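Let me begin by presenting the structure, written as structure tokens, before commenting on it.
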Amino acid sequence: QEQLRESGGGLAQAGDSLRLSCAASRRELRNYGMGWFRQAPGKEREPVAVQTTGGTTYYADALKGRFTISRDNVKNLVYLQMNSLKSEDTAVYYCAATLRYYADMSDYTRVGAFDYWGQGTQVTVSS
């Protein structure tokens, strides 16, 4: 069973930047399609960014230009760089991984598309 662990969350002011990291306990992350999701209080978990094993990326429309997903295959980490943070970015952020391949990128936006999940890391942005 793969285990994912997020780190890098915390408190930030509006306009600040944070970088989240995701580490895996077993496989190399290069073998996984990777995603970042977030869940705000009272809301459903929503996709933030996805990167396939081939490097194709997806971003939620409202986050394009502010958030970037990337990988460091040497360190076996996946990152989510978050810039120009807003109060509405406050949420628990989850890292997710899948060994399955989807030809349609929109399939990667589904929570059910991913097999492994981290425990989440809280990001709180004050205005």
Side-chain angles (χ1 to χ4, degrees):
Q1 182 77 4
E2 182 63 83
Q3 292 183 334
L4 303 177
R5 185 180 73 254
E6 305 94 342
S7 61
L11 295 174
Q13 299 284 330
D16 285 351
S17 296
L18 282 176
R19 188 177 73 168
L20 306 182
S21 299
C22 176
S25 63
R26 295 183 179 273
R27 291 176 179 264
E28 293 184 350
L29 288 176
R30 71 176 73 199
N31 296 313
Y32 289 112
M34 297 298 300
W36 286 97
F37 287 71
R38 69 184 184 183
Q39 188 165 17
K43 295 188 177 181
E44 293 188 354
R45 193 169 298 190
E46 62 178 6
V48 171
V50 170
Q51 188 178 65
T52 68
T53 54
T56 303
T57 56
Y58 156 89
Y59 294 96
D61 287 341
L63 304 177
K64 288 179 181 177
R66 293 198 299 123
F67 287 20
T68 304
I69 186 171
S70 63
R71 300 175 190 244
D72 185 329
N73 290 331
V74 174
K75 294 182 178 179
N76 201 33
L77 293 171
V78 174
Y79 301 108
L80 181 68
Q81 178 69 41
M82 305 185 295
N83 297 329
S84 301
L85 284 164
K86 304 176 181 180
S87 57
E88 51 262 44
D89 295 322
T90 295
V92 177
Y93 284 73
Y94 297 91
C95 173
T98 182
L99 289 171
R100 290 176 280 175
Y101 170 76
Y102 302 99
D104 189 337
M105 280 300 292
S106 67
D107 286 330
Y108 285 100
T109 66
R110 297 181 293 109
V111 169
F114 291 84
D115 304 306
Y116 306 109
W117 292 83
Q119 293 297 309
T121 185
Q122 177 70 46
V123 172
T124 302
V125 183
S126 61
S127 56

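Note that the coordinates shown come from a computational prediction; the quantities given were computed from them, not determined experimentally.
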(Q) Under a plain distance cut-off of 3.5 Å, with no hydrogens placed, do Thr56 and Gln51 share a side-chain donor-acceptor pair? (A) no
Q. Do Val111 and Val50 belong to the same hydrophobic cluster, where Ile, Leu, Val, Met, Phe, Trp and Tyr are linked whenever their side-chain heavy atoms lie under 4.5 Å apart, directly or via other members?
A. yes
Q.
How close do Ala12 and Leu18 get, counting heavy atoms only, and between which atoms?
A. CB-CD1, 4.1 Å
Q) CG/Leu20 to CZ/Phe67 distance, rounded to the nearest 0.5 angstrom? A) 8.0 Å
Q. Regarding Arg26 and the six-membered ring of Tyr116, is the cationic atom NZ or CZ under 6.0 Å from the ring centre and inside 45° of its axis?
A. no
Q. About how many Å separate CZ of Arg19 and CG of Leu80, when rounded to the nearest 0.5 Å?
A. 10.5 Å
Q. Would a distance-only check, ignoring hydrogens and angles, find a side-chain to backbone donor-acceptor pair under 3.5 Å from Asn83 to Ser17?
A. no
(Q) Using modelled atom types and a 3.5 Å cut-off, is there a donor and acceptor pairing between side-chain atoms of Thr124 and backbone atoms of Thr90? (A) no
Q.
Can you confirm whether more than 12 heavy atoms, excluding those of Gln122, are under 6.0 Å from its CD atom?
A. yes
Q.
Would you say CZ of Arg27 has more than 12 non-hydrogen atoms from neighbouring residues, nucleotides or ligands within 6.0 angstrom?
A. no
Q: Considering non-hydrogen atoms only, spot the tightest contact between Met34 and Cys22 and give its length.
A: CE-SG, 4.0 Å
Q: Drop me the distance from Arg30's CZ to Glu28's CD, to the nearest 0.5 angstrom.
A: 4.5 Å
(Q) Quick check: closest heavy atoms across Thr98 and Ala113, and the distance to 0.1 Å? (A) OG1-O, 3.1 Å
Q. Does Thr109 reach the main-chain N or O of Pro47 with its side chain, forming a donor-acceptor pair under 3.5 Å?
A. no
Q: Look at the aromatic rings of Tyr102 and Tyr108 and report parallel, tilted or perpendicular, splitting at 30° and 60°.
A: perpendicular
Q. Relative to Phe37, does Arg45 satisfy both conditions: NZ or CZ under 6.0 angstrom from the six-membered ring centre, and within 45 degrees of the ring's axis?
A. no
(Q) I'd like to know if the side chain of Glu46 and the backbone of Gln39 have a donor-acceptor N/O pair within less than 3.5 Å. (A) no
Q.
Let me confirm one number: the OG-CG distance from Ser127 to Leu85, rounded to the nearest 0.5 Å.
A. 12.5 Å
Q: Might you point out which heavy atoms bring Trp117 and Phe114 nearest each other, and give the distance in Å?
A: NE1-O, 3.6 Å
Q.
Are Thr53 and Tyr101 packed together at the side-chain level, in the sense that at least one heavy-atom pair is separated by less than 4.5 angstrom?
A. no
Q: Decide yes or no for Asp89 and Leu63: does some side-chain heavy atom of the first lie under 4.5 Å from some side-chain heavy atom of the second?
A: yes
(Q) Starting from Tyr93, can I reach Val125 by hopping between I/L/V/M/F/W/Y residues whose side chains sit under 4.5 Å apart? (A) yes
(Q) Any heavy-atom pair between the side chains of Leu99 and Tyr32 that's under 4.5 Å? (A) yes
(Q) Nearest 0.5 Å, please: how far is OG in Ser21 from CG in Asn76? (A) 11.5 Å
Q.
Can a donor-acceptor pair be found, under 3.5 Å and without considering hydrogens, that links the side chain of Tyr59 to the backbone of Ile69?
A. yes
Using atom types as modelled, flag every donor-acceptor pair under 3.5 Å from a side chain in residues 4-11 to any protein atom, sequence neighbours excluded.
{"residue": "Glu6", "atom": "OE1", "partner": "Gln119", "partner atom": "N", "Å": "3.2"}
{"residue": "Glu6", "atom": "OE1", "partner": "Gly120", "partner atom": "N", "Å": "2.8"}
{"residue": "Glu6", "atom": "OE2", "partner": "Cys95", "partner atom": "N", "Å": "2.8"}
{"residue": "Glu6", "atom": "OE2", "partner": "Gly120", "partner atom": "N", "Å": "3.2"}

Q.
Taking the side chain as everything from C-beta on, heavy atoms only, tell me whether Arg100 gets closer than 4.5 Å to Asp115.
A. yes
